Engineer: 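Here it is, the structure in full.
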Amino acid sequence: MNVSNEQELIDAARVAREKAHAPYSKFRVGAALRTKSGKIIQGCNIENATLGLTLCAERVAIFKAISEGEREFDAIAVVCDTEILTPPCGSCRQIIWEFCGDIPVTLANLKGKVERETAGSLLPRPFDRSFL
Ligand code: THU
């Protein structure tokens with residue numbers, strides 16, 4: 001992914017984060033997923049009073065994309081307001097792997113700090129359909 005493509009994805013995740021519904025944790029997360037056709041699909045975390053029904057930004061973006069008929073993805077960016085960049089949780093790692101394969105995962109904060117991972121580096125030895 002070239003630098004301007006990556007920055008565009010980070011910017012989209014930052015905008016998505018502003019829509020976060022996080023009244024309980026106040027921890028706002030934005031994600032942006034790029035389809036192979038070049039579309040960007042955004043997601044934010046959506047909390048619920050039961051807490052356990054909370055959805056992470058990454059999964060919201062991926063499920064939005066799947067429900068819109070998208071099946072092929074190039075990259076995902078995740079933005080949080082933390083000094084140590086926030087990585088996807090374990091559930092999101094599994095879902096990223098399932099629907100996106102070994103794509104680049106860019107982590108960023110509001111101060112412009114950026115780190116690069118991949119779905120595979122975040123989820124070594126994944127379980128997937130190849131075992132079924
Ligand atoms: N959260 C995400 O949206 N993505 C992650 O990968 C980590 C956690 C959200 C869920 C919850 O709304 C808040 O952050 C605190 O856990």
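Just so it is clear, the model here is predicted, and its values are computed rather than measured. Every number for a ligand or one of its atoms is a count from 1 in the order of the listing.
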Engineer: Checking K111 now: which residues fulfil side chain to side chain contact (heavy atoms under 4.5 Å, CB included) with it, not counting sequence neighbours?
Structural biologist: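 K111 satisfies side chain to side chain contact (heavy atoms under 4.5 Å, CB included) with E83, N109 once adjacent residues are dropped.
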Engineer: Side chains of residues 85-95: which donor-acceptor pairs under 3.5 Å do they make with residues two or more places apart or in other chains?
Structural biologist:
| residue | atom | partner | partner atom | Å |
| --- | --- | --- | --- | --- |
| T86 | OG1 | T82 | OG1 | 2.9 |
| R93 | NE | P88 | O | 2.7 |
| R93 | NH1 | L122 | O | 2.9 |
| R93 | NH2 | P88 | O | 3.1 |
| Q94 | NE2 | F127 | O | 2.8 |

Engineer: Can you tell me how far apart NZ (K26) and CG (D81) are? Round to the nearest 0.5 Å.
Structural biologist: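 The CG atom of D81 is 15.0 Å from NZ of K26, to the nearest 0.5 Å.
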Engineer: Looking only at atom types and distance, does a side-chain atom of R129 sit under 3.5 Å from a main-chain N or O of E98, one as donor and one as acceptor?
Structural biologist: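 Yes.
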Engineer: What pairs of residues pass the ring-ring contact (aromatic ring centres under 6.0 Å, His included) test when at least one of them lies in residues 77-101, not counting sequence neighbours?
Structural biologist: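 Found none.
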Engineer: Is there a side-chain contact (heavy atoms from CB on, under 4.5 Å) between V29 and V78? Walk through the geometry before answering.
Structural biologist: CA-CA 7 Å; V29 187; V78 184; 3.8 Å; yes
Engineer: As a test of reading the model: which N/O atoms of the protein lie under 3.5 Å from N/O atoms of ligand 1, and at what distance?
Structural biologist:
| residue | atom | partner | partner atom | Å |
| --- | --- | --- | --- | --- |
| ligand 1 | 3 (O) | A57 | N | 2.9 |
| ligand 1 | 4 (N) | E58 | OE1 | 2.9 |
| ligand 1 | 6 (O) | E58 | OE1 | 3.4 |
| ligand 1 | 6 (O) | E58 | OE2 | 2.8 |
| ligand 1 | 6 (O) | C89 | N | 3.0 |
| ligand 1 | 12 (O) | N45 | ND2 | 2.9 |
| ligand 1 | 12 (O) | E47 | OE2 | 2.5 |

